[in-house]
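Notes follow the structure.
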Amino acid sequence: MAESNDYILKVSNLTVKLQNQVILDNISFNVKKGTTLAILGPNGAGKSVLFRTLLNLIPHTGTIEWTEKVKIGYVPQNVAISDVPMSVKEFLSMGDKVDFERALSMVRLNDKSVLNKRLGVLSGGQLRRILIAWALNDKPNVLLLDEPTTGVDMDSEEPIYLMLNDIKKTQKITTFLITHNIHLVQEYADNLLALNKCVTFYGRSEEIAKPSAQRIIYGEPVCVETLKGEA
Amino acid sequence: MLDVVIFSLFLSIFVGVSAGYLGSLMVLEKMALVGDALSHVALPGLAIGVAFKFNPFIGAFAFLFISAALIWHLQRVTKISFEALVGAMFTLALAIGIILFPNLDALEAALFGDISQVTMIDAIVASAVCVIAIFLTKVIYSKLVLAMISEDLAISKGINVARINLLYLFLVSIVVAIGIQIVGTLLVGFLVIVPAIAAKNLSSNIRRYSLLSAVFGVIAGFSGVLLWSFSSFPFPGPLVVFAGIIIFAVTVVVNWRMKLTV
C-alpha cells in the first residue's frame with residue numbers, strides 16, 4: 001500500500017455540469033508522483049474537460065487535491081496559430097526566461113533554424129514538440145498532455161511518446177496523457193483511466209486485456225467503482 | 001491655417017502609430033470588421049457632443065467604450081458571435097446618430113473627419129493619450145496573443161483573459177475616438193485594419209509585424225494629411241485611405257515577389 005504522500009493528486013467524487021448537462025459524473029482517482037496516467041475514452045467522454053477542471057478552469061463539485069508545490073505544464077489539443085505571424089523563438093519566449101538550446105534539445109529538435117520559423121509553417125510533429133518545450137520551460141513537476149500527437153502522422157507518433165517517456169524519467173515529471181492509441185498507452189503509461197462521463201476502467205495499463213480494451217473504452221459505458229483497489 | 005496643418009500632421013503621427021499598433025491585435029483576433037464597425041458606434045456620441053456643445057470626442061469615446069463593453073459582456077453571457085452583435089449595434093448606432101445630428105455639415109464632418117478646428121492643446125492631449133494607449137497595449141500584447149493562441153493556456157498561466165480583453169477594448173475605443181477627428185467615423189476602421197494587414201504580408205514574427213503595422217499607420221496618416229494640406233479637398237479621411245491602400249498594394253506585390261524568389 002502506498003503512503004499517502006506518494007500521491008501528487010487525489011480526485012474524489014468530481015462532478016462537472018456544463019449548461020445543465022453532466023459532463024463528468026462522480027470521478028475518483030489518485031495519481032502517484034512520477035507516474036504516467038493515460039486517459040482514454042470516446043469523443044465527448046469528458047477527457048479534455050477533466051484536464052480543464054484539473055487546471056481549475058471549470059467550476060466543479062467534489063475535491064481535487066494537488067500536493068503542495070505542484071507546478072503544471074499544459075499542452076492543449078488545439079491551438080490557433082495558423083494565422084499568427086509569430087516565430088518559434090517568440091513563442092518560446094512568452095512567459096519565463098528561456099534557454100533555447102535546452103528547450104529544443106529536451107524535445108529532440110536539433111536544428112536550431114526552427115527558432116526563426118513561423119509557427120504556422122511547422123510540421124505537425126514539430127509544432128507538438130514546440131508546445132511541449134513551452135510547457136516544460138517553467139520546469140513543471142506535472143505535465144498535462146491533451147492528445148500530444150494531434151496532427152502527427154503515424155510514423156512520428158512513437159518517437160514523441162519515446163521522448164515524453166525520457167522527459168518523464170529525467171525530469172521526474174508526473175504525466176497525464178489523453179490519447180486514443182491503446183497500443184502506445186500500454187507501452188508507455190503506468191496507469192489507465194478510461195472515461196465515458198464516468199470511469200469505465202481504472203487500473204494498471206497492462207491489466208486491460210487487449211481484446212476487451214476496445215469494448216471497455218469505446219463500448220456502452222459501464223461505470224466502475226474506483227479507489228477500492230488503488231492503481 | 002498653417003497652425004492647423006502643423007497640429008494635424010503632429011496628431012496624425014500619433015494616431016497613425018497607435019491605430020496601426022493596436023489594430024495589429026484587432027486583425028489577429030479576426031476582429032478586423034469588428035474594429036471597422038465599432039468605429040461607427042461613435043456617431044451618436046459625436047452628435048450629442050455637437051448638440052449639447054461639449055467636446056464631441058468625449059461623447060464618441062463614451063459611446064465607443066460603452067458599446068464595446070456591452071458587446072464584450074453580451075458575448076460572454078449569450079455566446080452570440082462578436083460580429084453579429086457588433087453588426088446589430090453598429091447599424092442601430094448609425095441610425096440613431098444620423099437622427100440626432102443637428103445639421104448636415106456637422107454630420108459630414110463626423111463621417112469623414114474634420115481637422116480644420118484642431119488646436120495645439122487638442123493635438124498635445126490627444127497625442128499624449130495615444131502614447132499611453134500604446135504603452136499599455138505593449139504591456140498586455142504578448143498576453144493577448146497567447147490568449148488568442150489558446151485561451152486555456154493563457155488562463156492556466158494565471159492571465160486574466162477577460163480583464164485584458166476589456167482593457168484592450170477600452171484602449172481601442174480611445175484610439176478610435178481620437179482617430180475619428182482625422183479620418184471620420186466611416187473611415188477610421190481603415191486605420192485600424194489596413195496597416196496591420198499590410199504588415200502581415202511582410203512579417204514572419206510578431207515583433208516585425210507590430211512594428212511595421214505602426215510604421216504603416218504613420219505613413220498612411222501623415223501622408224494623407226500632408227496631401228490634404230496641399231489640396232482643396234474638404235476632408236483628409238479619403239486621402240489617408242488612398243495613401244494606406246497604396247502601402248497595402250506595395251506589400252502585396254513584395255509578398256508575391258518574395259514567394260517567387262523562395
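The structure presented is a predicted model; accordingly, all values stated were derived computationally and were not measured. Residue numbering restarts at 1 for every chain, and letters A, B, ... go by the order of the sequence lines.
- The CG atom of Leu153(B) sits 10.0 Å away from atom CG of Leu57(A), with the distance rounded to the nearest 0.5 Å.
- Closest heavy-atom contact between Leu28(B) and Val84(A): CD2-CA, 4.1 Å.
- Counted within 6.0 Å of CZ on Arg207(B), heavy atoms from surrounding residues, nucleotides or ligands total 12 or fewer; the atom is thus considered open.
- Remark: Lys157(B) NZ to Ile72(A) CD1 distance equals 10.5 Å, nearest 0.5 Å.
- Legend: residues meeting side chain to side chain contact (heavy atoms under 4.5 Å, CB included) with Asn116(A), ordered by chain and number and at least two apart, are Lys89(A).
- Interatomic distance, CG of Asn78(A) versus CD of Glu151(B), reported as 13.5 Å (0.5 Å rounding).
- With a 4.5 Å cut-off on non-hydrogen atoms, Asp138(A) touches chain B through its side chain but not through its backbone.
- Only the side chain of Met94(A) comes within contact range of chain B, with at least one heavy atom under 4.5 Å from a heavy atom of that chain.
- Residue with the most contacts toward chain A among Leu146(B), Asp152(B), Ile155(B), Val145(B): Asp152(B) (heavy-atom pairs, distance under 4.5 Å).
- Nearest heavy atoms, Ser203(B) versus Pro85(A): O-CB, 3.8 Å.
- In this structure, Ala80(A) and Met148(B) approach most closely via the heavy-atom pair CB-O, 3.7 Å.
- Neither the backbone nor the side chain of Phe51(A) has a heavy atom closer than 4.5 Å to any heavy atom of chain B.
- A donor-acceptor contact shorter than 3.5 Å links the side chain of Glu90(A) to the backbone of Ile206(B).
- Crowding of Lys168(A) atom NZ: a count of heavy atoms from other residues, nucleotides or ligands under 6.0 Å exceeding 12.
- Note that the OG atom of Ser204(B) and the NZ atom of Lys117(A) stand 12.0 Å from one another [nearest 0.5 Å].
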